[in-house]
Amino acid sequence: MTGDITGTVVRLKLSLLKNGLRQSGGRRAAYVASAVVVLLFGALQLLGLIALRWHAHVDAVVVLLTAVLALGWAVMPLFFPGGDETLDPTRLVMLPLRPRPLVRALLAASLVGIGPLFTLLLLTGSTVAVAHGGAACAVGVVAVVLALLVCVALARAVAAANIRLLTSRRGRDLAVLSGLVIAIGAQLVNFGAQRLGSSGLAQLAPVGDVVRWLPPASAIGAVHSVSEGSYGIAIAQLALSVGALVALIAVWAGHLTRLMTSPDGSTLQADTEPGRRERTSTGPARLLPAGRTGTVMERSLRYVWRDPKTKAAWVTSLAIGLIVPVFNALQGTGSIYFACFAAGMLGIQMYNQFGQDTSAFWMVATTISSAHDAYVELRGRALALLVITLPYATLVTVLTTAMLDDWPRLPEVLGLSFALLGAMLATGAWTSARFPYSIPQEGHKNVAPGQTGLAWISIFGGMVSAALLSSPVIAVTIWVNVVEDGDTWSWVLLPLGAAYGATVTWAGLRLAAPRTAARLPEILTAVSKG
């Protein structure tokens, strides 16, 4: 097929969008609501950028904003491979299409959607903010189109280069990093906003001087250069963006050619070379205890590494548990007690232990015939969690202490963290047996329909109970710091908190084991609904 297929592919993109919205009223409502919110936010950003038109350092703001937009377009295919069905060129491999016409068609189809419109609003606002004079406005029109095309081509090139990975099971697991990126990004934005509020936009100038030479920010930088009368610099900046667009399209076309002409793993014959032996396990699993405890620990740790939903929860908890104390310490407003946030975030992973198994829990249920079996099962799961949580909570506490230079309080904060962790393990074991709920394997929901109330009771009720269980250690900490000499008696709280946390954990597991054994049918029914 050698004709122009651009119109056909654009109509295909519109048909995919229209048919997707026809599937359900809820999906239409969600799409319309998200479109309204995104476009409203984009319009407000447009007005805000125009309001900065006469600010002395607006040029640094707009080039950095363009660079952030390009970064977002680059990572979007990695985190949301299913967000645009036309991102997958392997769907077209059976059609007689040549790469160059296909590149033009897919590039045009990529301009259809909320994302390109939002990007266009921000690029337009950035151009208006720095364009002064007729020549700058004319260059601004070219710069907006060029920057938008670079962003779209960047996303397509990244998607084509990684499509084999993104459509595999392990590749789809990359989406779990979105929680980490969002968590870190939100804190970075908060940290940056506070710094800018105290120091002003002037501190962006050194970074802007570098970024204005990086495509596609160089296209917007060219508009400012024309406004300043630096026509030679503007031509060089536009040339950089044009060169980047040409290079990205060439890379994209090269990957399309290989994808549409090379076989993948599904068409290659399996290696059946005689004499090959299966690789035996030589990893850290050998360090786990023998018997059922070690087996349960290994199974739980494998879930953390392999199951997308479990991995997503762990990645998010690990990130937030570190970000909250560290970023508050960096801002100079933090307290060393924020380090307990790490233990609290990871302790949440003990809740709904059986729901994480989904329908596979029936295999575990067949091995539990007594309260002792249930106790060993819960103990193994708790120990697997402690393998990660104890060193992590200790590391976050030491790091926060070092940043705040408050070493005398390190023992008491560690003791508090261990006591809180023990209380959450205890309440998590009990609520896992009393309020289990299913976690759907498909989609982004973490609770099956009709079980939201159970999830709220399990998590938030358990957290309140854990806070109450930790109150004796909290009371002793307050007493030591208010009544006694805190620096002298602080070291006592470390062994006290560790012993208290271990005792509470043991008691919680013992109380939860009989209930778990008695409620196995109800637990199995609850966790299999997703």
Side-chain angles (χ1 to χ4, degrees), residues 292-293 295-297 299-304 307 309-314 317 343-389 420-441 446-448 450-470 501 504-530:
R292 177 166 184 156
T293 299
T295 302
V296 173
M297 292 179 66
R299 184 209 319 139
S300 299
L301 293 173
R302 286 184 183 274
Y303 277 163
V304 174
D307 180 64
K309 287 293 181 69
T310 306
K311 185 188 295 185
W314 273 92
S317 296
M345 287 301 301
L346 295 186
I348 294 176
Q349 304 306 317
M350 188 63 187
Y351 294 89
N352 196 35
Q353 276 291 308
F354 307 126
Q356 298 175 12
D357 296 354
T358 63
S359 58
F361 178 68
W362 73 268
M363 292 187 292
V364 177
T366 58
T367 65
I368 299 177
S369 58
S370 64
H372 176 73
D373 293 337
Y375 170 74
V376 176
E377 175 72 25
L378 290 170
R379 183 182 63 185
R381 293 172 183 253
L383 289 174
L385 190 144
L386 288 173
V387 167
I388 302 174
T389 304
L420 175 62
L421 179 59
M424 297 194 75
L425 292 179
T427 56
W430 190 85
T431 57
S432 293
R434 183 62 183 85
F435 303 107
Y437 57 91
S438 179
I439 301 177
Q441 291 300 291
N446 291 320
V447 182
Q451 294 185 328
T452 306
L454 286 174
W456 281 87
I457 294 174
S458 175
I459 296 176
F460 290 98
M463 291 173 64
V464 171
S465 301
L468 293 176
L469 282 178
S470 306
V504 169
T505 300
W506 174 82
L509 296 178
R510 284 293 184 186
L511 290 174
R515 182 172 292 273
T516 301
R519 300 190 74 250
L520 280 178
E522 292 85 350
I523 296 173
L524 183 58
T525 301
V527 303
S528 301
K529 287 185 177 181

Exercise. Can you list the steps and then say if Y303 with D357 is a side-chain contact (heavy atoms from CB on, under 4.5 Å)?
Worked result: CA-CA 9 Å; Y303 277 163; D357 296 354; 3.0 Å; yes
Problem set entry | Verdict with reasoning, I388 to L301, per side-chain contact (heavy atoms from CB on, under 4.5 Å) | CA-CA 9 Å; I388 302 174; L301 293 173; 4.1 Å; yes
For this session: Please report the C-alpha distance between I459 and Y437 in whole Å, then the side-chain angles of each, then the deciding distance to 0.1 Å, and finally whether the side-chain contact (heavy atoms from CB on, under 4.5 Å) criterion is met.
Result: CA-CA 11 Å; I459 296 176; Y437 57 91; 3.5 Å; yes
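In this structure, R379 CZ and L509 CG are separated by 9.0 Å, a value rounded to the nearest 0.5 Å. We find the CE-CG distance between M350 and L378 to be 5.5 Å, quoted to the nearest 0.5 Å. In this structure, OG in S438 is found 11.5 Å from CD in Q356, a value given to the nearest 0.5 Å. Atoms CZ and CZ, on R519 and R434 in that order, are 5.5 Å from each other to the nearest 0.5 Å.
Heavy-atom minimum distance, G347 versus M424: C-CE, 3.9 Å. Between P436 and S432, the shortest heavy-atom distance links the atoms CB-O, 3.5 Å. Contact detail for A433 and A512: the closest heavy-atom pair is CB-O, 4.3 Å.
Counting heavy atoms from C-beta on, the side chains of L421 and L385 come closer than 4.5 Å. Contact check for N352 versus T431: no side-chain heavy atoms found under the 4.5 Å cut-off. Between L386 and L425 the shortest side-chain heavy-atom distance falls below 4.5 Å. Residues R292 and T367 meet the side-chain proximity criterion, which asks for heavy atoms closer than 4.5 Å. Between F361 and L520, some side-chain heavy-atom pair lies under the 4.5 Å cut-off. Inter-residue side-chain proximity for L524 and F354 is flagged as unmet; no heavy-atom pair is nearer than 4.5 Å. The shortest distance between side-chain heavy atoms of V364 and R299 falls below 4.5 Å. Residues T427 and Y351 meet the side-chain proximity criterion, which asks for heavy atoms closer than 4.5 Å.
For S300, there are no side chain to side chain donor-acceptor pair (under 3.5 Å) partners two or more places apart in sequence or in a different chain. For A513, the side-chain contact (heavy atoms from CB on, under 4.5 Å) criterion is met by A374, Y375, not counting sequence neighbours.
Between T516 and E377, the side chains place no donor N or O within less than 3.5 Å of an acceptor N or O (distance only, hydrogens not considered).
In this structure, the side chain of T505 engages the main chain of G422 through a donor-acceptor pair within 3.5 Å.
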